[in-house]
Amino acid sequence: MLEIRLSVCALDCPDCCSLLVSVESGRGVKLRGDPSHPVTRGFLCGKVAQYLEREYSPERLLYPLRRAGAKGAGRFVRISWDEALDAIAARWKAIAAEFGSEAILPYSYGGTMGLLNGSGMDRRFFHRLGASRLDRTICSTAGMAGMTEALGVGYGTEPEQFRHARLILAWGANILGTNVHLWPFIVEARRKGAKLYVIDPRRNRTTATADKHFAIHPGSDAALALAMMHVIVGEKLHDAEYVARHTEGFEALRERVREWTPQRAAGLTGIEAGEIAALAREYAGTRPAVIRLNYGIQRSERGAMAVRAAALLPALTGSWKDVGGGLQLSTSQAFHLNRDGLERADLQGRALGREARIVNMTELGAALTPLRAAADDRKRSSAPLDPPVMSLAVYNSNPAAIAPNQNAVLRGLRREDLFTVVLEQFRTDTADYADIVLPVTTFLEHTDLYLAYGHYYLQLARPALPAPGETKSNVEIFRLLAARMGFDDPCFGETEDDMIRTLLDSPHPFVAGISIERLDRERSVRLRLPEPFLPFAAGGFGAPDGKCHFHAETLDYAPPVESRRGDPDLRSKYPLELISPKNDDGMNSTFGHRDAVDRRTAVLQINAGDAGARGIRTSNRVRAYNARGSCALAARVDDAAQPGVVCATSVRWARRSPGGRNINALTSERLTDAGGGATFYSCLVQVERIEDR
Ligand SMILES: Nc1nc2c(c(=O)[nH]1)N[C@H]1C(S)=C(S)[C@@H](COP(=O)(O)OP(=O)(O)OC[C@H]3O[C@@H](n4cnc5c(=O)[nH]c(N)nc54)[C@H](O)[C@@H]3O)O[C@H]1N2
Ligand SMILES: Nc1nc2c(c(=O)[nH]1)N[C@H]1C(S)=C(S)[C@@H](COP(=O)(O)OP(=O)(O)OC[C@H]3O[C@@H](n4cnc5c(=O)[nH]c(N)nc54)[C@H](O)[C@@H]3O)O[C@H]1N2
Ligand code: SF4
Ligand SMILES: [Mo]
């Protein structure tokens with residue numbers, strides 16, 4: 001008998017699709033996008049259309065495992081849940097007694113966007129334990145810092161309005177690869193004559209279809225935005241009325257951007273001055289004009305400033321007034337749910353009598369190798385940790401593959417005195433280093449509530465498929481661990497539905513009228529926002545006075561240390577700028593077990609001139625390297641990467657790469673200008689051909 005069940009895609013993607021799961025005798029046979037969902041509109045991306053391959057993969061982890069070989073060797077024996085939970089509880093009690101509970105560090109990120117399994121029972125558990133807190137900076141905190149500085153809040157234009165735009169700027173945004181459900185709205189706009197311009201250092205599927213591609217130097221976007229402001233203000237193309245009513249600090253801004261001539265920006269961005277001026281005029285002169293920023297713009301050392309400067313543009317032109325205008329980086333902060341009630345940070349007080357220390361996840365390598373890190377001369381956000389990290393609890397993440405400075409991370413994970421627990425679906429690079437592996441359910445198998453970061457619909461998913469083997473959800477595992485640790489606070493006895501009710505218990509008008517009963521009926525519910533939603537048409541910015549503050553005194557740009565205009569000593573040794581953007585068929589490292597994904601992430605794109613100078617031809621094996629490490633790849637010589645830039649789409653499973661190192665052996669733990677973010681795309685390397693013997 002064929003039955004259609006509803007679900008929600010939990011992957012770390014702005015689209016947060018609504019799914020239809022065809023189920024036959026308890027087994028999933030097909031996944032489709034829900035045609036009735038206003039953003040999903042009946043289709044899925046290629047990688048999730050095939051998700052049932054992953055769901056039923058023979059590589060799924062089905063039973064708890066205990067390590068039976070050297071760390072990293074990947075040899076394990078099956079144990080029972082009781083043995084696994086008892087072993088973990090006993091070890092954590094011993095570590096807490098000897099070193100203090102902050103010697104235990106949770107490490108999680110985007111495996112699931114579900115609130116309960118992503119930041120629910122786990123947070124309660126680690127707060128009550130008094131573990132170190134993790135600053136989750138690996139992806140978006142630089143951009144969020146920039147947005148917040150500019151707008152005071154972190155949300156913007158809804159995707160449905162892109163169909164009304166006449167000019168669309170995709171800025172560090174590979175829409176066809178990473179945000180494909182925005183695309184139909186862009187197609188609709190272009191059918192009515194809209195133009196799509198893309199600002200991106202490399203050619204990709206999105207630039208290939210665009211009306212114009214501005215091949216900017218990595219990490220120089222703030223200079224471009226400042227020069228656009230120079231033209232807009234200098235030529236009085238701004239919306240004087242909007243600026244007067246809804247912004248603060250315009251006179252100082254006018255002074256500030258005076259020096260940011262297109263000529264000056266041209267030298268920094270690689271985009272000709274005439275092109276910059278024309279772009280600024282067209283942006284200010286076209287209504288509506290909308291900007292899609294994505295996180296690609298903020299993975300550089302100047303990432304926060306890049307987002308901040310770009311986010312000021314629509315306030316200058318008054319574009320926020322237009323249906324189909326404005327800007328979107330994320331929509332997530334409009335979901336004013338009761339996260340405090342879900343996460344229960346107050347439980348730290350029970351454990352420690354204070355808040356626990358914070359460890360930045362981007363600096364995991366340094367956190368796990370404190371002595372080595374202290375010997376490093378580079379500037380760090382914190383001193384070596386005391387107490388040291390003696391246990392790492394990894395879930396929803398694969399740090400051995402995705403974290404920067406991989407050699408430091410792996411050195412840390414190999415420490416015999418580090419007790420590592422990994423909750424996983426697959427035997428990832430990180431699972432190979434675990435002392436205990438716990439098998440978890442997929443999003444098709446558990447209940448969760450989902451906000452989105454690319455639209456304004458809140459969604460509920462119930463299990464669509466049975467959980468295989470002995471898998472359990474993160475929520476259930478942390479509930480069981482709480483019992484083992486003797487935590488008797490009532491919140492550890494809550495059901496998933498209790499937790500959802502807590503989340504919905506919020507006084508904010510955006511979530512008014514949304515109950516779990518309504519979610520069970522409708523599954524996808526629009527936040528209570530006007531249609532169309534124009535967040536800043538009449539001010540309403542996050543600052544107390546409701547205005548957009550230019551703060552011109554701190555608005556500026558200097559090239560990243562690791563860039564073509566950065567540190568001369570580094571540049572002379574490592575003259576190429578490496579970017580490692582998302583693979584269109586992947587999801588960070590989640591589909592690393594697929595051969596097709598592995599092949600695509602094994603390639604280094606290099607410009608013909610740079611390749612020629614090194615005797616490199618397509619298909620040659622090459623080594624990219626710098627002082628942090630090296631990574632072997634297959635060269636592809638073309639002009640997709642501009643001169644001076646090399647590009648490897650990410651993230652390959654390190655285990656499948658020669659030498660067990662992927663591209664993150666090259667990337668650094670240096671942090672962004674604000675927000676403490678990762679700087680994956682500010683990375684200088686040298687490339688050489690590997691001679692065949
Ligand atoms: N298919 C697929 N989809 C995904 C993911 C995936 O791995 N694969 N990952 C998900 C996640 S975690 C995230 S955060 C989002 C990210 O979504 P995006 O931000 O769209 O993805 P990125 O590939 O990081 O960057 C987008 C583009 O920015 C360009 N870029 C790199 N450096 C710069 C720069 O300095 N300036 C400018 N202007 N552009 C630059 C890259 O070449 C890339 O084409 O995608 C999500 N969706
Ligand atoms: N070089 C380079 N490195 C990067 C990036 C880049 O562009 N270039 N991108 C960075 C960015 S933007 C991000 S967001 C990070 C992403 O880094 P991560 O958040 O670590 O993402 P994934 O690599 O997809 O790993 C997620 C893991 O969670 C597991 N998982 C899924 N659902 C569940 C669940 O319910 N429970 C548990 N316990 N596990 C689950 C999956 O099996 C998968 O192994 O990578 C960063 N690293
Ligand atoms: S990864 Fe993104 S586009 Fe693909 S199904 Fe999931 S939410 Fe939709
Ligand atoms: Mo991300």
Side-chain angles (χ1 to χ4, degrees), residues 7-19 31-33 37 39-40 43-49 51 54 60-61 107-114 116-118 122 136-140 143 177-183 294-296 298-299 361-362 393-404 406 422-431 437-443 445-446 448 450 452-455 471-475 477-478 578-583 586-593 601 631 648-653 662-667 677-678 680-681 683:
S7 189
V8 176
C9 175
L11 297 190
D12 188 351
C13 168
D15 300 2
C16 197
C17 287
S18 171
L19 305 184
L31 290 186
R32 276 178 301 149
H37 193 277
V39 179
T40 306
F43 74 100
L44 299 177
C45 66
K47 57 197 174 286
V48 170
Y51 192 85
R54 192 172 189 276
R60 264 299 284 278
L61 294 171
Y107 192 98
S108 73
Y109 201 68
T112 174
M113 292 286 103
L116 309 187
N117 286 283
D122 55 312
R136 292 176 171 79
T137 55
I138 204 88
C139 173
S140 62
T178 62
N179 178 202
V180 64
H181 290 83
L182 185 60
W183 193 251
N294 210 333
Y295 290 100
Q298 52 92 68
R299 290 190 229 291
M361 73 188 297
T362 298
V394 180
Y395 54 100
N396 299 336
S397 187
N398 183 12
I402 64 85
Q406 188 164 65
V422 176
L423 285 64
E424 253 301 348
Q425 298 160 345
F426 276 65
R427 220 192 83 213
T428 58
D429 292 322
T430 310
V437 180
L438 301 176
V440 298
T441 44
T442 68
F443 64 90
E445 299 156 2
H446 55 237
D448 218 322
Y450 298 88
Y453 63 94
H455 61 66
T471 57
K472 297 182 191 298
S473 70
N474 292 346
V475 171
I477 293 171
F478 286 108
L578 168 73
I579 56 171
S580 47
K582 310 300 184 191
N583 172 25
M587 176 53 63
N588 303 310
S589 75
T590 292
F591 296 106
H593 65 290
T601 50
C631 171
T649 59
S650 293
V651 181
R652 195 177 190 196
W653 274 12
N662 70 17
I663 206 72
N664 281 323
L666 306 170
T667 55
F680 290 108
Y681 303 168
C683 180

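Order of appearance sets the numbers: ligands from 1, and atoms from 1 within every ligand.
- Screening His446, Gln425, Lys472 against Thr441 for a side chain to side chain donor-acceptor pair (under 3.5 Å) leaves a single residue, His446.
- Within 4.0 Å of ligand 2, protein heavy atoms come from Asp12, Arg54, Tyr109, Gly110, Gly111, Thr112, Ile138, Cys139, Arg299, Tyr395, Asn396, Ser397, Asn398, Ile402, Leu423, Glu424, Gln425, Thr428, Val440, Thr441, His446, Asn474, Ser580, Lys582, Met587, Asn588, Ser589, Thr590, Ser650, Val651, Ile663, Asn664, Phe680, Tyr681.
- Considering every non-hydrogen atom in both Phe680 and Ile138, the closest pair reads CE1-O, 3.5 Å.
- The nearest pair of heavy atoms linking Ser589 to Trp653 is O-NE1, 2.8 Å.
- Scored by the ring-ring contact (aromatic ring centres under 6.0 Å, His included) test, Tyr681 finds no partners at all (sequence neighbours excluded).
- Between Cys45 and Val180, the shortest heavy-atom distance links the atoms CB-CG1, 4.1 Å.
- Take a cut-off of 2.8 Å around atom 2 (Fe) of ligand 3: the protein N, O or S atoms inside it are Cys13 SG.
- Under the 4.0 Å criterion applied to side-chain N and carboxylate O atoms, Arg60 and Glu445 are assigned as salt-bridge partners.
- The backbone N or O of Ser108 sits less than 3.5 Å from a side-chain atom of Arg136, completing a donor-acceptor pair.
- Taking Ser140 as the reference, Tyr109, Tyr295 meet the side-chain contact (heavy atoms from CB on, under 4.5 Å) condition, with sequence neighbours excluded.
- For an aromatic pair to be called close, the ring centres must be under 6.0 Å apart, and His455 with His37 satisfies this.
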